[in-house]
Amino acid sequence: LLSPVVVAFVTNRRWPTSKAAACILAVGAASFLVPAAVPVLPVFVACSVVGMASSAAIIPLLTQMYQDNYPEKERGRRFSRTVMIRIAMAALFSKLAGDALSGERLEGFRWLLVVFGGALGFAGFCLARCPTEPIPHDGRAHPLRALRFARDDKVFRHTLICWMLMGFANLMMLPLRIEYLANEKYHPGQILSVGMIALLTGVIPNLARLVLSPVWGHLFDRVNFFALRAALNVGFAIGILAFFTSNSFWGLVVGAVVYGISNAGGDVAWSLWVTKLAPPERVADYMSVHTFLTGVRGVLAPAVGFACVSRVPLGLLAGISCALILAASALLLPEMKAGRKARPGSALVEEISE
């Protein structure tokens, strides 16, 4: 939600984007080290919020860095490698951290906070060594100035609307996956173990993400973005429908695999799509609008999902979610055919002309 403010702040101070991101991560690192040293609940809560927010606040700055440093024809492929590393390390550390806290060893959380702080600090050190330039601007940037691009750029606005429909539907159903598996009322007579729930909601989807990330990175560089996004939407819809309407283990596995495959493409498309539409010097601004709206639906969608599931059968709610996703795909169809709607000289025009 604070992304436009962060980008405006960095722009006004003429900081190179990678250096600014490194400073923000330094704040995040300190936010984890403080509660490790002072394990008091209010301090822990406040610092955890700041620490987690710091890693989200730098996303538009990182996208600008990718724009500046990754060749256009290889941007998706190179970014997908970082996604693979991130997924593999998250899976490994989740296992190690879970083992460290198992049994009666919960007091070890302070050492985990030290690891979190060290990881953010080292990430900031690495970012500071990446070459980037300050974001260009004409006059002092207003904290919410980036929102004007959604008003002025028709293609950008149209795509944001489609993304809002799709993202809201997806985020509405995401936390309900555990509810669906853990609540016996959805599977009478069957009680799934914690390990089985973790397998279906974490291990299987992430394995599919890990394997398919390079494929989607390659496709992002080679095919029409709007066609790619529509294909991903269909995959998300199939994955949600298969998962929430299945009464068999293999049906749940199929839903988890399809969802993971779509998520692999979603990682790349979500992080890089503005590089296809935005002028090179405005990538951070465009991305800040996108992440701001992601925050809006990230706050609202899960609450709406849990409010609805107490009144609407879960299968029907999954169907409504799929309808929203397919509606988002249908709205993209005109953009697949209309290269003239993209700015002259943009990557999208060149891509469609090929």
Side-chain angles (χ1 to χ4, degrees), residues 3-4 7-8 11 59-64 66-68 70-73 75-76 79 135-138 141-142 144-170 216-217 219-237 262 265-297 324-354:
S3 293
V7 172
T11 301
I59 291 173
L61 305 179
L62 296 184
T63 306
Q64 184 70 56
Y66 303 144
Q67 167 71 35
D68 293 345
Y70 289 174
E72 183 181 313
K73 296 296 184 181
R75 196 170 289 139
F79 177 78
I135 301 171
H137 73 106
D138 45 359
H142 185 275
L144 299 179
R145 63 143 192 185
L147 297 178
R148 77 177 191 269
F149 295 114
R151 177 196 65 198
D152 299 338
D153 188 327
K154 184 177 179 181
V155 178
F156 184 49
R157 182 173 66 251
H158 191 177
T159 310
L160 286 173
I161 293 171
C162 298
W163 212 291
M164 180 60 79
L165 289 173
M166 182 274 156
F168 193 94
N170 181 40
W216 287 112
L219 290 174
F220 181 85
D221 294 329
R222 296 290 182 268
V223 306
N224 180 289
F225 164 72
F226 295 115
L228 179 74
R229 182 65 259 181
L232 286 171
N233 287 357
V234 172
F236 275 111
S262 301
D267 289 333
V268 179
W270 188 92
S271 300
L272 296 180
W273 74 278
V274 297
T275 65
K276 296 282 191 180
L277 273 70
E281 71 278 6
R282 293 294 174 221
V283 164
D285 284 314
Y286 274 60
M287 190 64 181
S288 71
V289 178
H290 173 47
T291 51
F292 169 79
L293 293 175
T294 299
V296 171
R297 57 182 174 264
L324 289 174
I325 293 174
L326 294 178
S329 301
L331 289 174
L332 290 174
L333 292 176
E335 305 298 348
M336 295 183 202
K337 306 172 184 176
R340 66 182 184 278
K341 291 187 177 181
R343 268 169 300 284
S346 72
L348 188 61
V349 167
E350 181 182 346
E351 174 187 295
I352 292 175
S353 68
E354 292 175 352

ask   = For F226, is the NZ or CZ atom of K276 found under 6.0 angstrom from the centre of its six-membered ring and inside 45 degrees of the ring axis?
value = no

note = When rounded to the nearest 0.5 Å, the distance separating OG of S271 from CZ of R75 is 12.5 Å

key: Pairing residues for A237 by the side-chain contact (heavy atoms from CB on, under 4.5 Å) criterion, not counting sequence neighbours   = C322, I325, L326

request  = Only counting residues at least two apart or in another chain, list the ones meeting ring pair (Phe, Tyr, Trp, His ring centres under 6.0 Å) with Y66.
outcome  = Y70, F79

S262 versus G235, closest heavy-atom pair with distance = OG-C, 3.1 Å

inquiry  = Testing the basics here: between P334 and L331, what is the closest heavy-atom pair and its distance to 0.1 Å?
reply    = CD-O, 3.3 Å

query = What closest approach, in Å, do R157 and R151 show between heavy atoms, and which atom pair accounts for it?
reply = NH1-O, 2.8 Å

Derivation of the ring pair (Phe, Tyr, Trp, His ring centres under 6.0 Å) call for W273 and F156 = CA-CA 10 Å; W273 74 278; F156 184 49; 5.7 Å; yes

ask   = Any side-chain heavy atom of R229 within less than 4.5 Å of one from W163?
value = yes

ask   = When Y286 is tested against each of T63, D153, T291, T275 for side chain to side chain donor-acceptor pair (under 3.5 Å), which residue passes?
value = D153

message = Using side-chain heavy atoms (C-beta onward) and a distance below 4.5 Å, is I135 in contact with R282?
response = yes

key: Nearest-0.5 Å distance, CG of residue L324 to SG of residue C162   = 12.0 Å

task = Provide the closest heavy-atom pair for S329 versus A230 in the form atom of the first, atom of the second, distance.
result = OG-O, 3.8 Å

query = Are side-chain heavy atoms of L228 and V268 found at a separation under 4.5 Å?
reply = no

task = Would you mind reporting whether Q64 and V7 have side-chain heavy atoms less than 4.5 Å apart?
result = no

ask   = If you take all heavy atoms of L232 and A269, which pair is closest and at what distance?
value = CD1-CB, 4.0 Å

Minimum heavy-atom distance G76-L272, with the two atoms named = CA-CD1, 3.8 Å

task = Please name all residues satisfying side-chain contact (heavy atoms from CB on, under 4.5 Å) with T294, sequence neighbours left out, ordered by chain then number.
result = W270, H290, R297

